[in-house]
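Data first, discussion second: the structure below is written as structure tokens.
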Amino acid sequence: MFSSTEKMVDVGGFPIPVDQADTFRTMREEMATAAAEVLQTFCVKVERKVVDDILGEGVVGYASDGEEEARVSLDPFEVSAMHVAQERGKLLEYILAANGLPYAYYEQQKQAVQTNKG
């Protein structure tokens, strides 16, 4: 992983090696934006907020009743996993799987969101 002598900097509450911090910071913001865009397709409200004391900040989508529909954290592991999924054109599938949501449910919620907007 990281050597104990490597200089670290805090990025979103996570210690990141100084020489990787700018890259991680950029990727983290890109993945936050991409995740929000995906969540907006099937959630009536999407916000970026602290989701957990350990995982820190994330992007959360809500159903029409105000209940949490889906979330992704912006921790180093999840940011990296989302980045790979996005490169493969599978970010939606990743977010659905990470939240235990079947594709059929996504389609149903997507239709409901579109109906309410239109």
Side-chain angles (χ1 to χ4, degrees):
M1 190 124 173
F2 305 128
S3 74
S4 61
T5 60
E6 202 165 6
K7 185 162 172 54
M8 308 294 265
V9 64
D10 182 282
V11 178
F14 299 95
I16 305 294
V18 171
D19 63 340
Q20 297 173 27
D22 286 340
T23 301
F24 175 69
R25 197 175 285 117
T26 299
M27 186 187 312
R28 186 174 191 263
E29 291 308 311
E30 289 172 358
M31 292 303 96
T33 299
E37 290 171 0
V38 167
L39 290 173
Q40 287 170 348
T41 65
F42 70 101
C43 299
V44 297
K45 178 183 172 189
V46 176
E47 67 181 354
R48 185 171 170 170
K49 68 178 197 171
V50 174
V51 295
D52 186 280
D53 290 340
I54 296 171
L55 298 176
E57 194 176 33
V59 182
V60 182
Y62 298 92
S64 59
D65 62 3
E67 291 294 315
E68 185 177 298
E69 190 80 56
R71 74 160 68 175
V72 292
S73 69
L74 297 174
D75 67 89
F77 174 81
E78 191 133 36
V79 166
S80 178
M82 284 191 294
H83 181 70
V84 169
Q86 184 185 45
E87 285 180 331
R88 294 178 177 167
K90 301 286 186 183
L91 186 56
L92 169 63
E93 290 84 349
Y94 174 83
I95 291 173
L96 292 176
N99 287 279
L101 300 173
Y103 193 79
Y105 180 79
Y106 160 77
E107 285 291 330
Q108 177 185 0
Q109 294 306 106
K110 179 181 172 184
Q111 187 66 33
V113 168
Q114 288 175 345
T115 299
N116 289 334
K117 285 183 180 177

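Because the structure is predicted, anything quoted here is derived from the model rather than measured.
- A donor-acceptor contact shorter than 3.5 Å links the side chain of T41 to the backbone of V38.
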Please report, to 0.1 Å, the donor-acceptor pairs under 3.5 Å made by any side chain of residues 93-105, with sequence neighbours excluded.
residue : atom : partner : partner atom : Å
Y94     : OH   : E78     : OE2          : 3.0
N99     : OD1  : R71     : N            : 2.9
N99     : ND2  : R71     : O            : 3.0
N99     : ND2  : I95     : O            : 2.8
Y103    : OH   : E107    : OE2          : 2.8
Y105    : OH   : E69     : OE2          : 2.3

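- The hydrophobic clustering, which links ILVMFWY residues whose side-chain heavy atoms are closer than 4.5 Å, places Y62 and V72 apart.
- F24 and M31 fall within the same hydrophobic cluster, defined by Ile, Leu, Val, Met, Phe, Trp and Tyr side-chain heavy atoms under 4.5 Å apart, directly or through other members.
- Considering only residues two or more places apart in sequence or on other chains, D22 meets the side chain to side chain donor-acceptor pair (under 3.5 Å) condition with R25.
- Taking CZ of R88 as the reference point, atom NZ of K90 lies at 10.0 Å (rounded to 0.5 Å).
- For the pair E37/V46, no side-chain contact is recorded, criterion being any heavy-atom separation below 4.5 Å from C-beta on.
- Here the straight-line distance linking atom CG of L55 with atom CZ of F14 works out to 6.0 Å at 0.5 Å rounding.
- V60 and L74 end up in different hydrophobic clusters when Ile, Leu, Val, Met, Phe, Trp and Tyr side chains are linked at under 4.5 Å.
- More than 12 heavy-atom neighbours from other residues, nucleotides or ligands sit within 6.0 angstrom of CG on D19.
- Two different hydrophobic clusters hold V51 and L39 under the rule that ILVMFWY side chains link at heavy-atom gaps under 4.5 Å.
- By the 4.5 Å heavy-atom criterion applied to side chains, Q20 and V11 are not counted as neighbours.
- Side-chain atoms of P17 and M8, non-hydrogen and from C-beta on, do get closer than 4.5 Å to each other.
- When side chains are defined from C-beta on, Q86 does not count as touching E30, because their heavy atoms never get closer than 4.5 Å.
- Between the side chain of S80 and the backbone N or O of P76, no donor-acceptor pair lies under 3.5 Å.
- In this structure, R28 contributes its side chain and V79 its backbone to no donor-acceptor pair below 3.5 Å.
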